[in-house]
Amino acid sequence: MAKIETEFTRMIDIDYPIIGAPMFLLSYEELVIAVARAGGLGAIPLPNFRTTEDLKKTLKHIRDATDRPIGVNIHLSGRFEWKAQLSLCLDAGVKFFITSLGDPRLILDDVHASGGKVFPDVISLEQGLKSRDRGADGLIAVASGAGGHCGTIPTHIFVPYLKSKTGLPIIAAGGISTGAQMAAAMAVGACAVVVGTRLVATIESRAQAAYKEAVVKAGPEDIVCTARITDNPASWLAESIKDFDEQPEVGSRRWRDFWSAGQSVAQVEEIKSATEVVREMVEDYIRVCKTLGEPFLEIR
Ligand SMILES: Cc1cc2nc3c(=O)[nH]c(=O)nc-3n(C[C@H](O)[C@H](O)[C@H](O)COP(=O)(O)O)c2cc1C
């Protein structure tokens, strides 16, 4: 299949502007490898790893399987051994760093020296401008309805808003499970998309079987956005948090029982491989772009 070239695919050297979301406790080597092999950018969240030794093993596993670019979500907070994690990632050739907690300036020089890029997650213009002024290479516009920690502004408004006010490359995150939704995000100015919820229900995600099935069965009405679980607004399958009383300890297995997913469960119809998800998104994207172009071709 032909490549889809954007500012982001050229920056990172991937075939398609599709990022497999780094999902806490779900995205590990299997998912990263599947997305990378399909031509997208697979990513892992570093808080998945209790020790740097565990992270090292996973990075080696990925590198034994593919030499394609990969990404990580790094938490730049004292609670994490981020310096040791950063150095392992740079040694493994990680090219893309999504920062959520902390100041991106802490890693910019090292990442740039190895040819990588840093894109913070943002949910407001204020956060976007702050990240730009600190030297970020681009921004991830986390929109309303996204799985995991979500924003409050819809993708089709937030992406062009951030783009025009910051002048940075913008990646859309939230509500993108199909190629048509990807085309919509690109139409409003995104240079790539982050896909989370759709990839929960894949063979390669480490979600429990019942969680994957719940994502397939759910509609957008079954998702609630609340700060009750992690102290920050996040999207959850309402049913999975109905008995939540208090936060389990960090690292407790009980966290696995609270199931995060975004409103784009609406477009998740079956469990399949992540490679197939990426391939179908690309095919759908191309079909939609051609269909949208047809009326203009007829006028000419
Ligand atoms: C179950 C789940 C866990 C997530 N965990 C993380 C995480 O650990 N780090 C992170 O940067 N983003 C995390 N996200 C958010 C995604 O990176 C991304 O912003 C979001 O999934 C995009 O919206 P979508 O779910 O509508 O595709 C998570 C998303 C989901 C669904």
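Start at 1 and go down the list; that is how both ligands and their atoms are numbered.
Contact annotation: the side chain of Gln208 approaches that of Asp257 to within less than 4.5 Å [non-hydrogen atoms, C-beta and beyond].
Heavy-atom proximity to Asp121, at under 4.0 Å, picks out these atoms of ligand 1: 11 (O). Near Leu26, meaning under 4.0 Å from any of its heavy atoms, are these atoms of ligand 1: 1 (C). Heavy-atom contacts of Gly175 reach the following atoms of ligand 1: 24 (P), 26 (O) (cutoff under 4.0 Å). Annotation for ligand 1: atoms under 4.0 Å from non-hydrogen atoms of Ala21 are 16 (C), 17 (O). Listed by atom number, the atoms of ligand 1 under 4.0 Å from Ser264 heavy atoms are 26 (O). Each of the following atoms of ligand 1 lies closer than 4.0 Å to a heavy atom of Tyr211: 1 (C).
Looking only at atom types and distance, the side chain of Asn48 has no donor-acceptor partner in the side chain of Ser27 under 3.5 Å away. If you check the side chains of His112 and Asp110, you find no donor sitting under 3.5 Å from an acceptor. Defined by atom type and a distance below 3.5 Å, a donor-acceptor pair is missing between the side-chain atoms of His149 and Asp121.
Under 4.0 Å from ligand 1, the heavy atoms of Asn73 that appear belong solely to its side chain. At a 4.0 Å heavy-atom cut-off, ligand 1 touches Pro45 through the side chain alone. Residue contacts with ligand 1 for Ile140 are absent, since no atom lies close enough (heavy atoms, distance under 4.0 Å).
Residue Val194 holds the heavy atom nearest to atom 18 (C) of ligand 1 of all those in Val193, Val194, Thr155.
Looking from atom 12 (N) of ligand 1 to the surrounding protein, the closest heavy atom is Pro22 O, 3.3 Å. Here the protein heavy atom with the shortest distance to atom 15 (C) of ligand 1 is Gly147 O, 3.5 Å. For atom 25 (O) of ligand 1, the nearest protein heavy atom (residue, atom name, distance) is Thr197 OG1, 2.6 Å. Counting only heavy atoms of the protein, atom 22 (C) of ligand 1 lies nearest to Gly174 N, 3.5 Å. For atom 4 (C) of ligand 1, the nearest protein heavy atom (residue, atom name, distance) is Met23 CA, 3.5 Å. Looking at atom 19 (O) of ligand 1, its nearest protein heavy atom turns out to be Ala173 CB, 3.7 Å. For atom 5 (N) of ligand 1, the closest non-hydrogen atom on the protein side is Phe24 N, 3.0 Å. Counting only heavy atoms of the protein, atom 27 (O) of ligand 1 lies nearest to Gly196 N, 2.8 Å.
Asp15 and Arg68 are joined by a salt bridge, as a carboxylate oxygen and a charged side-chain nitrogen come within less than 4.0 angstrom of each other. Between Lys57 and Glu29 no salt bridge is recorded (no basic side-chain N to carboxylate O distance below 4.0 Å). Between Asp67 and Arg63, none of the side-chain N atoms (NZ, or NE/NH1/NH2) sits under 4.0 Å from a carboxylate O, so this pair counts as no salt bridge.
The minimum heavy-atom distance linking Ala84 with Thr52 is given by the pair CB-CG2, 3.7 Å.
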- Item | From CA spacing to verdict: salt bridge (charged side-chain N to carboxylate O under 4.0 Å, His left out), Lys242, Glu239 | CA-CA 5 Å; Lys242 71 178 192 314; Glu239 189 63 20; 3.2 Å; yes
- Would you sort out whether Asp284 and Arg287 count as a salt bridge (charged side-chain N to carboxylate O under 4.0 Å, His left out), showing the intermediate values? CA-CA 5 Å; Asp284 189 32; Arg287 184 188 55 75; 2.4 Å; yes
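Lys272 NZ: more than 12 foreign heavy atoms inside a 6.0 Å radius.
Relative ring orientation between Trp255 and Phe258 is described as perpendicular, the plane-to-plane angle rising above 60° on a 0-90° scale split at 30° and 60°.
In terms of N/O distances under 3.5 Å, ligand 1 is not approached by Val195.
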